[in-house]
*Asks:* 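Quick one: this structure, given as structure tokens, is what I'll be asking you about.
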Amino acid sequence: MDSTLFRQILDEASFLWFQRNHAADSEYFNLDSLVQIDRRLAGLFRLLPSSPDIVDAANEKFDPEDPDKFYCLVIAAANTEIDLFQLIKKAIQEHAAEEDIINSLSWIDYSIVEPVLHQLYNSNQIQLQYIALETWRLHRIKPQIDLITAINSTNAKISATAVRVVGELALEEFHKQTEDKLADKDLTIRFWASYSCALLGDIKGVSNLIESIINIEQPYETAINTGFATLNVEQATSWINHLTASDISPHKIIKCFEILGSTKFIPWLASLTQNGSTAPFASHAFCTITGMSLFSEDHGDLLPILADSEAIASDDYLGLWEQLPQSGFNDWWGDNKDEFQSDKRYFSGKEVNQDNLEFIWLKGNQKQRERAALELALAKPSSTLFEHKAPGFRQC
């Protein structure tokens with residue numbers, strides 16, 4: 001392979017890598033479409049090591065203006081004699097993004113990347129240890145390290161990551177150490193300890209999760225998706241009243257009702273679709289609970305647009321709102337409400353149970369799959385949380 005062809009292949013891989021990282025968390029993509037991208041990427045990653053130019057390319061200084069080429073080279077270099085540990089260490093010194101390196105390492109076959117993770121973790125550099133722990137988490141492989149020491153690390157980033165690993169990998173043997181972190185002075189450690197305890201079937205930390213919805217520094221969608229999936233209607237209503245008194249954004253409150261999934265609140269959500277400031281979020285919640293579809297000639301499937309918290313600020317939002325069926329939500333509910341039971345939870349028009357969640361995990365879009373995986377793990381605390389962003393062909 002000549003140098004020009006090598007660069008062309010690297011350019012194409014870089015473009016696809018950027019696209020698949022967007023696709024992995026997008027309502028526009030499902031598992032089938034992710035598999036298509038990932039198989040094309042896998043073919044390119046197999047071609048790159050056949051050129052001697054890969055060594056020179058990997059040794060080039062990390063370019064923050066074109067970072068995805070480097071992350072693709074990390075993946076391709078796994079099948080060469082290039083020292084991945086030194087490659088990553090150097091890139092971190094040159095300010096490469098930790099999360100993007102983690103994404104690259106999570107793509108590589110675990111049998112190849114395992115020794116590199118031990119090198120990273122044993123380096124005693126916090127950034128490299130964090131990369132190792134996060135990569136173990138995304139591979140859903142129990143780290144062969146002293147995890148108790150990691151949980152009790154004086155570094156909050158390491159401790160928080162370690163307790164998250166415990167929950168997502170269902171490591172029940174570390175439940176006590178994780179539960180102890182519910183009272184940690186660090187907010188992020190408390191958050192992930194609460195999340196992991198919920199995944200282990202322990203809801204003592206749910207109040208921590210819901211309180212964190214008020215704090216913009218924490219991933220509020222994870223808090224809502226986890227916390228409200230464990231509550232009944234009465235408990236949820238009480239917490240929502242508390243959150244409302246805290247003057248948080250209306251779209252967060254609406255999201256709480258969406259995850260609760262009770263059709264008792266459908267008429268109220270329908271009323272919120274008439275207000276421009278709440279219409280996109282209420283419409284999304286209505287459709288997510290009931291399974292109603294929304295399409296327009298200009299935008300096609302409206303649900304992914306309505307899921308965007310920045311929808312109101314977009315230039316064409318007014319035109320989008322005008323295309324929402326202003327009376328259609330009430331009409332649809334009037335025609336279909338007898339198909340639902342008020343004491344059940346619903347997601348995509350289906351009762352929340354194992355069979356339906358497994359179907360959504362297989363056939364839903366990436367955001368739906370992420371939530372379905374979490375619901376399945378919460379319902380069965382002994383199970384490992386599915387990783388919806390893993391290479392598609394690894395999930396099939």
Side-chain angles (χ1 to χ4, degrees), residues 167 182 190-216 218-273 275 278 280-292 306-307 309 329 333 337 339-354 356-357 360 367-368 370-381 385:
L182 293 174
R190 291 202 307 274
F191 179 90
W192 290 115
S194 302
Y195 164 83
S196 284
C197 280
L199 286 172
L200 293 172
D202 178 355
I203 61 171
K204 293 188 185 74
V206 167
S207 58
N208 281 349
L209 282 175
I210 298 177
E211 288 285 2
S212 72
I213 296 169
I214 302 168
N215 189 316
I216 61 172
Q218 300 304 313
Y220 76 86
E221 284 199 1
T222 300
I224 293 173
N225 290 354
T226 307
F228 280 85
T230 67
L231 302 176
N232 60 37
V233 172
E234 290 74 22
Q235 293 168 330
T237 304
S238 176
W239 272 112
I240 289 171
N241 288 336
H242 169 72
L243 293 173
T244 304
S246 302
D247 195 32
I248 68 172
S249 301
H251 76 266
K252 290 185 179 180
I253 297 295
I254 293 169
K255 189 71 176 180
C256 295
F257 283 105
E258 178 181 311
I259 301 305
L260 181 61
S262 172
T263 56
K264 290 181 178 180
F265 304 102
I266 287 297
W268 174 73
L269 288 172
S271 72
L272 294 184
T273 64
N275 185 312
T278 56
F281 315 112
S283 301
H284 188 273
F286 185 104
C287 294
T288 298
I289 294 171
T290 65
M292 175 184 174
L306 297 173
S309 61
F329 293 97
W333 182 241
K337 63 183 179 181
E339 298 178 16
F340 299 87
Q341 299 178 49
S342 61
D343 60 341
K344 304 290 186 182
R345 294 180 64 223
Y346 291 90
F347 176 21
S348 294
K350 300 177 184 298
E351 181 184 339
V352 175
N353 58 42
Q354 182 167 330
N356 289 336
L357 288 170
I360 293 168
K367 275 293 185 184
Q368 292 170 336
E370 179 181 19
R371 179 184 161 190
L374 179 59
E375 295 260 7
L376 283 165
L378 288 168
K380 193 175 181 181
L385 177 67

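Computed from heavy atoms alone, side chains included, the values below leave out hydrogens, waters and symmetry copies. Keep in mind it's a predicted model, so treat the numbers as computed, not measured.
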*Asks:* Check whether Ser196 reaches the backbone of Ala193 with its side chain - one donor and one acceptor, N or O, closer than 3.5 Å.
*Replies:* no

*Asks:* Indicate yes or no: at least one non-hydrogen side-chain atom of Val352 is less than 4.5 angstrom from one of Lys344.
*Replies:* no

*Asks:* Is the closest basic N to carboxylate O distance between Glu211 and Arg190 below 4.0 Å?
*Replies:* no

*Asks:* Output the distance between atom CD1 (Ile214) and atom OG (Ser249), rounded to the nearest 0.5 Å.
*Replies:* 11.5 Å

*Asks:* State, to 0.1 Å, how close Leu385 and Ala373 come at their nearest heavy-atom pair, and which atoms those are.
*Replies:* CD1-O, 3.4 Å

*Asks:* Looking only at heavy atoms, which two atoms of Ala229 and Asn225 are closest? And how far apart?
*Replies:* CB-O, 3.3 Å

*Asks:* With the side chain counted from C-beta on, respond yes when Lys204 and Leu182 share a heavy-atom pair under 4.5 Å apart, and no when they do not.
*Replies:* yes

*Asks:* So do Phe228 and Phe257 actually touch side chain to side chain, heavy atoms under 4.5 Å?
*Replies:* no

*Asks:* Does the side chain of Phe191 reach to within under 4.5 Å of the side chain of Pro219, using non-hydrogen atoms?
*Replies:* yes

*Asks:* Any donor and acceptor pair, going by atom type alone, linking the side chain of Ser238 with main-chain N or O of Glu234 inside 3.5 Å?
*Replies:* no

*Asks:* Can you tell me how far apart CD1 (Ile210) and OG (Ser194) are? Round to the nearest 0.5 Å.
*Replies:* 10.5 Å

*Asks:* When you look at Ser207 and Trp239, which way does the side-chain contact (heavy atoms from CB on, under 4.5 Å) test go after all the steps?
*Replies:* CA-CA 9 Å; Ser207 58; Trp239 272 112; 3.6 Å; yes

*Asks:* Could you give the distance from CG (Asn232) to CG (Asp343), rounded to the nearest 0.5 Å?
*Replies:* 11.5 Å

*Asks:* Does Thr290 reach the side chain of Tyr346, with side-chain heavy atoms less than 4.5 Å apart?
*Replies:* no

*Asks:* Could you tell me which residues satisfy side chain to side chain contact (heavy atoms under 4.5 Å, CB included) with Ser348, sequence neighbours excluded, listed by chain and number?
*Replies:* Ile360, Gln368

*Asks:* Extract all donor-acceptor atom pairs below 3.5 Å that involve side chains of residues 258-270 and protein atoms in other chains or at least two apart in sequence.
*Replies:*
residue	atom	partner	partner atom	Å
Glu258	OE1	His284	ND1	3.0
Glu258	OE2	Lys255	NZ	3.0
Ser262	OG	Lys264	N	3.3

*Asks:* Between Arg345 and Glu375, does at least one N-O distance fall below 4.0 Å, as a salt bridge requires?
*Replies:* yes

*Asks:* Check whether any side-chain heavy atom of Gln235 sits under 4.5 Å from a side-chain heavy atom of Val206, and report yes or no.
*Replies:* no

*Asks:* Enter the distance from Cys256:SG to Ile224:CD1 here, rounded to the nearest 0.5 Å.
*Replies:* 4.0 Å

*Asks:* A side-chain contact here means heavy atoms from C-beta on lying under 4.5 Å apart; do Lys367 and Glu221 qualify?
*Replies:* yes

*Asks:* Which heavy-atom pair separates Asn353 from Asn356 by the least distance, and what is that distance?
*Replies:* OD1-N, 2.9 Å

*Asks:* Step through the shown structure and confirm whether more than 12 heavy atoms of other residues, nucleotides or ligands are within 6.0 Å of CG on Leu376.
*Replies:* yes

*Asks:* Any side-chain heavy atom of Ser283 sitting closer than 4.5 Å to one from Phe329?
*Replies:* yes

*Asks:* Which heavy atom in Phe347 sits nearest to a heavy atom in Ala372, and how many Å separate them?
*Replies:* CE2-N, 4.1 Å

*Asks:* If you measure from CG on Leu272 to CD1 on Ile253, what distance do you get to the nearest 0.5 Å?
*Replies:* 11.5 Å

*Asks:* Measure the spacing between CG of Leu209 and OH of Tyr195 and express it to the nearest 0.5 Å.
*Replies:* 10.0 Å

